[in-house]
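When reading the values below, keep in mind they use all heavy atoms of this one structure, side chains included, and skip hydrogens, waters and symmetry mates. Naming: A, B, ... by sequence-line order, numbering from 1 per chain.
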There are 2 protein chains.
Amino acid sequence: MTFSSYIRQSREGLKAQDRRFSVRQVAQRIGVEPAYLSKIERGDVAPPSEGKIRALAEELNEDPDVLLAMAGKVSSDLLAIIRKRPKLFAELIRDLKSMPDHAILRIARDVRDGDW
Amino acid sequence: MTFSSYIRQSREGLKAQDRRFSVRQVAQRIGVEPAYLSKIERGDVAPPSEGKIRALAEELNEDPDVLLAMAGKVSSDLLAIIRKRPKLFAELIRDLKSMPDHAILRIARDVRDGDW
DNA sequence: TGTCATGTGTCATACATAGGACACACTTAT
DNA sequence: ATAAGTGTGTCCTATGTATGACACATGACA
């Protein structure tokens, strides 16, 4: 599923329960023109900036990192972390490329639990 | 140190040993105009695209990931890896943000050695 | 002393990014 | 039936990105 159709689906789903999720009202709350949001939802234009995507994620109760990924982007805070230690993170991420989800989850958990 | 001055320093260092590392010749080998490389090395323009940075890294025997980081970028292959599993990698990277280098290195080594 | 190479200044360009403004046709509630 | 709300089409614009082309002054060198 593309970013555009995913957003449309998500918003339409909420709209079914709550009329406040019209294109116009959502657009206003996230600070863009309705016509622009409409174009975004139809893939008529490229996905918006990270800031707008974050606002959209909050508005639609979606995970910002997932939405950003669908938009072909990566959160700028993650980029900053990687850029501070480029060799370290580049090596690690490339090593993890082919690892299954559960292995990565386990690493994350171990790290959080301070097993290092 | 900035990207620009680092590049200049690196190239000048090589040039001291080998006259083939003039602005003109390096520019030609990486496929840009000499005037453009000159501007890059003086910070007169923003760092070039990822492709040019990679070519420069190879030419100057520098680590591409490090050069990209200095240029405020992250390698596109890493971005692609992250975008495929955004939640997983976002969580992991944020957890690793404050970990010391040696801990991250150890994780990378364990992963490579298949301790998972 | 003329030739050649060196770095650089100036100007221009092509395309992408990130939207805003406004009008219009259709539906829905009153 | 009329007012309000809905989605969307068209046009416009500002800024950034990523270079190229060319000329020029200086210095090395044969």
When every nucleotide of nucleotides 15-22 of chain D is labelled 5' to 3' by its protein contacts under 4.0 Å (heavy atoms), B for base, S for sugar-phosphate only, - for none, what sequence of letters results?
---SBBBB
Rounded to whole Å, the CD-P distance (A/E41 to D/dT8) equals 7 Å
Would you say D/dT6 has OP1 or OP2 under 4.0 Å from some side-chain N or O of A/R11?
no
Whole Å only: how far is the CD1 atom of A/I40 from the P atom of D/dG9?
14 Å
Quick check on B/E12: does its CD atom have over 12 non-hydrogen neighbours (other residues, nucleotides or ligands) under 6.0 Å away?
yes
No-hydrogen, no-angle side-chain donor-acceptor test under 3.5 Å, A/S38 and A/R42
yes
Considering the options B/R94, B/R83, B/K84, which one meets the salt bridge (Lys or Arg N to Asp or Glu O under 4.0 Å) requirement together with A/D65?
B/R94
Please check if A/I107 and A/F89 belong to a single hydrophobic cluster, counting links between Ile, Leu, Val, Met, Phe, Trp and Tyr side chain heavy atoms closer than 4.5 Å.
yes
Inspect the contact between A/R11 and A/E59 and indicate whether a charged nitrogen and a carboxylate oxygen are less than 4.0 angstrom apart.
no
Answer yes when A/K73 and A/E50 have at least one side-chain N-carboxylate O distance shorter than 4.0 Å, and no when they do not.
no
Do the side chains of B/E33 and B/K39 get close enough for a salt bridge, i.e. N-O under 4.0 angstrom?
no
Nucleotide interval of DNA chain C bounded by contacts with chain A (heavy-atom cut-off, under 4.0 Å):
C/dA18 to C/dC22
Hydrophobic clusters here meaning ILVMFWY residues chained together by side-chain heavy-atom distances under 4.5 Å, can you tell me if B/M70 and B/V26 are in one?
yes
How many Å lie between CZ on B/R19 and P on D/dA28, as a whole number?
14 Å
Expressed in angstrom and rounded to an integer, what is the separation of A/R24 atom CZ from D/dG7 atom P?
7 Å
For A/S38, answer base if it contacts any base atom (sugar-phosphate contacts may also be present), sugar-phosphate if it contacts only those atoms, and nothing otherwise; contact means non-hydrogen atoms under 4.0 Å.
base
OP1 or OP2 of D/dT8 under 4.0 Å from side-chain N/O of A/R42
yes
